[in-house]
Amino acid sequence: MSNPTPFSSSSSSSQPIRFGILGCADIARKLSRAILLSPNTTLHALGSRSLSKAQAFANSNNYPPSTKLYDSYDAVLDDPDVDAVYIPLPTSLHLTWAVKAARKGKHVLLEKPTALNVADLDQIIDACEESGVQFMDGTMWTHHPRTQAMADFLQDSQQFGQLSYVQTCFSFAADNDFLENDIRVSPDLDALGALGDTGWYCIRASLFAANYELPKSVTALRNPIRNKAGVLLACGASLHWEDGRVATFNCSFLSHLTMNISAVGTTGTLRVTDFIVPYEEKSASFSTLSNGGFGEMTLAWKQKPSEHIVNTELPQEVVMVKEFSTLVDGIKNRGLAPEKKWPTLTRKTQLVIDAVVASIAQGFEPIQI
């Protein structure tokens, strides 16, 4: 990992939000860099089950010498100087450690999938609300400025019209080592498998296209693929709204790398092929088609299909950390209440996850939300 150069923030008079990280998961490398790059945060502490592992992780990820290294997660939560924690632990540990963190007064940035089911998630959210701390999940793409630009197009009654259907896919072809040993295929660590890992993004994208309105029902697609331990390696589902809108998604650890959204409205179409991780850190694009039709010999367009490029000074994970920390600063220093938008979006995503699980278990019957 290259040495990051932090962005300056001369306009902020508040002290940086001091982050602690629980665990040395691979995804924590990206978030460590994001915390170092964000203009309103500092990397204050890292906890691991062994001090030697914490030291090795800190050294390989360019942690500043001032970062405190602990040999337990509890030690991070007991540090009075830690304002917020990032939790990238296996999903089965989220309930325990997110609730502990909230009850210690730490703001919680929780890696997705956030819980094994909505009942566990509700306990986490309740603990955050009772302690007055901010909750946010780690769905990075929703913070990229491209996402707002796409939302603007989807809400344009002339260029896009009303949503008819949306198709999303996130897959990657995992190697044998992943399929045998990764925590995401372990029933004891991440029992949701591909549904929780890759499907989470597809479901969030489907909800995004529907302006985050929950569907009326969810039906799992037949023939999901599981490993020997029963963990999902590939699956899909359809979401149905009362007004006729439909979303379908496919998620997999077994197919070529694909990160697509295709949203079709009554007068336009939006497509994006890298919605989770942009091809480039400082720019991202999406394509739109509007008011198309049939010409005499070819297709005809009132407005030619176009590509929209959205530039950003900060990578999307840094924007996420910055936005989360701005909310924390408001609570800590200005007496503001936690922002409820983020736990609400998390809970809606988890409800659909639960419905897919239930539909599979009930013979692919529709599950009412």
Scan the side chains in residues 119-129 for donor-acceptor partners under 3.5 Å anywhere in the protein, sequence neighbours excluded, and list what turns up.
| from | atom 1 | to | atom 2 | distance (Å) |
| --- | --- | --- | --- | --- |
| Asp122 | OD1 | Arg347 | NE | 2.7 |
| Asp122 | OD2 | Arg347 | NH2 | 3.0 |

Check: residues 160-171 side-chain donor-acceptor pairs under 3.5 Å, at least two apart:
| from | atom 1 | to | atom 2 | distance (Å) |
| --- | --- | --- | --- | --- |
| Thr168 | OG1 | Cys202 | O | 3.4 |
| Ser171 | OG | His256 | O | 2.6 |

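Side-chain heavy atoms closer than 4.5 Å link hydrophobic residues (I, L, V, M, F, W, Y) into clusters, and following such links, possibly through other members, connects Tyr73 to Leu110. Linking ILVMFWY residues whenever their side-chain heavy atoms come closer than 4.5 Å, directly or via other members, leaves Ile87 and Ile183 in distinct clusters. No single ILVMFWY cluster, assembled from side-chain heavy atoms under 4.5 Å apart, contains both Val133 and Ile35. Residues Leu77 and Ile331 do not share a hydrophobic cluster, clusters being chains of Ile/Leu/Val/Met/Phe/Trp/Tyr side chains in contact below 4.5 Å. A continuous path of Ile, Leu, Val, Met, Phe, Trp and Tyr side chains, each step under 4.5 Å between heavy atoms, connects Leu214 with Leu154, placing both in one hydrophobic cluster.
Formation of a donor-acceptor pair under 3.5 Å by the Arg18 side chain with backbone atoms of Asp81 is found in this model. Within the 3.5 Å criterion, the main-chain N or O of Ser50 finds no donor-acceptor partner in the side chain of Gln55. At distances below 3.5 Å, at least one donor-acceptor pair connects side-chain atoms of Thr198 with backbone N or O atoms of Ala194. Side-chain atoms of Asn227 come within 3.5 Å of backbone atoms of Val185 as a donor-acceptor pair (strictly under, hydrogens ignored). The backbone N or O of Trp141 sits less than 3.5 Å from a side-chain atom of Thr147, completing a donor-acceptor pair. Counting only distance, with no hydrogens or angles, the side chain of His143 and the backbone of Val319 share no donor-acceptor pair below 3.5 Å. The backbone N or O of Leu314 sits less than 3.5 Å from a side-chain atom of Thr312, completing a donor-acceptor pair. Side chain of Asp354 to main chain of Val118: a donor-acceptor pair is present (N/O by atom type, distance under 3.5 Å, no hydrogens or angles). Distance alone, capped at 3.5 Å, places no donor-acceptor pair between the Thr41 side chain and the Ile17 backbone.
Under a cut-off of 6.0 angstrom, the local environment of NZ in Lys332 is crowded, with over 12 non-hydrogen atoms contributed by other residues, nucleotides or ligands. Taking a 6.0 Å sphere around CZ of Arg271, one finds it holds 12 or fewer heavy atoms contributed by other residues, nucleotides or ligands. Under a cut-off of 6.0 angstrom, the local environment of CD in Gln368 is crowded, with over 12 non-hydrogen atoms contributed by other residues, nucleotides or ligands. Counted within 6.0 Å of CG on Asp26, heavy atoms from surrounding residues, nucleotides or ligands total 12 or fewer; the atom is thus considered open.
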List the steps and the verdict of salt bridge (charged side-chain N to carboxylate O under 4.0 Å, His left out) for Arg103 and Glu130. CA-CA 8 Å; Arg103 289 176 177 168; Glu130 289 166 5; 5.2 Å; no
List the steps, then state whether side chain to side chain donor-acceptor pair (under 3.5 Å) holds for Ser285 with Tyr279. CA-CA 9 Å; Ser285 66; Tyr279 297 119; over 6 Å; no
Run the numbers on Ser14 and Asp329 for side chain to side chain donor-acceptor pair (under 3.5 Å), then give the verdict. CA-CA 8 Å; Ser14 299; Asp329 178 73; 3.0 Å; yes
Could you go through Asp274 and Arg146, starting from their C-alpha distance and side-chain angles, then the distance that decides it, and tell me whether this counts as salt bridge (charged side-chain N to carboxylate O under 4.0 Å, His left out)? CA-CA 11 Å; Asp274 61 345; Arg146 171 177 64 178; 2.6 Å; yes
Is there a side chain to side chain donor-acceptor pair (under 3.5 Å) between Glu307 and Ser287 once you walk through the steps? CA-CA 4 Å; Glu307 182 180 21; Ser287 63; over 6 Å; no
Given the rule in the side chain to side chain donor-acceptor pair (under 3.5 Å) test, do Ser38 and Asn40 qualify, once you have shown the distances and angles that lead to the verdict? CA-CA 6 Å; Ser38 176; Asn40 58 348; 2.7 Å; yes
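Side chain to side chain, His94 and Ser92 fail the donor-acceptor criterion of an N or O pair below 3.5 Å. Between the side chains of Thr142 and His144, not a single donor N or O lies within less than 3.5 Å of an accepting N or O.
A salt bridge is absent between Arg184 and Asp190: the closest approach of a Lys/Arg side-chain nitrogen to an acidic carboxylate oxygen does not fall below 4.0 angstrom. Salt-bridge check for Lys104 with Asp78: passed, with a basic side-chain N closer than 4.0 Å to an acidic carboxylate O. Taking the charged nitrogens against the carboxylate oxygens, Glu213 and Arg245 do have a contact shorter than 4.0 Å, which makes a salt bridge. Using a 4.0 Å cut-off between charged side-chain N and carboxylate O, Asp71 and Arg49 make no salt bridge.
In this structure, the side chains of Trp301 and Ser290 stay at 4.5 Å or more apart for every pair of heavy atoms. You'll find the side chain of Glu281 reaches within 4.5 Å of the side chain of Glu317, heavy atoms only. A 4.5 Å side-chain heavy-atom check between Phe19 and Leu109 finds at least one atom pair inside the cut-off.
Relative to the six-membered ring of Trp97, Lys100 meets both conditions, a distance below 6.0 Å and an angle of at most 45° to the axis.
For Trp200 and Phe249, the ring centers sit 6.0 Å or farther from each other. Ring centroids of Phe286 and His308 are separated by less than 6.0 Å, placing the two rings close together.
Between Lys112 and the choices Thr139, Thr91, Asp137, Asp197, the side chain to side chain donor-acceptor pair (under 3.5 Å) rule is met once, by Asp197.
Under the 30°/60° scheme for interplanar angles, the aromatic rings of Phe172 and Phe253 are found to be tilted.
Scanning all heavy atoms of the two residues, the minimum distance from Thr269 to Phe153 falls at O-CE2, 3.7 Å.
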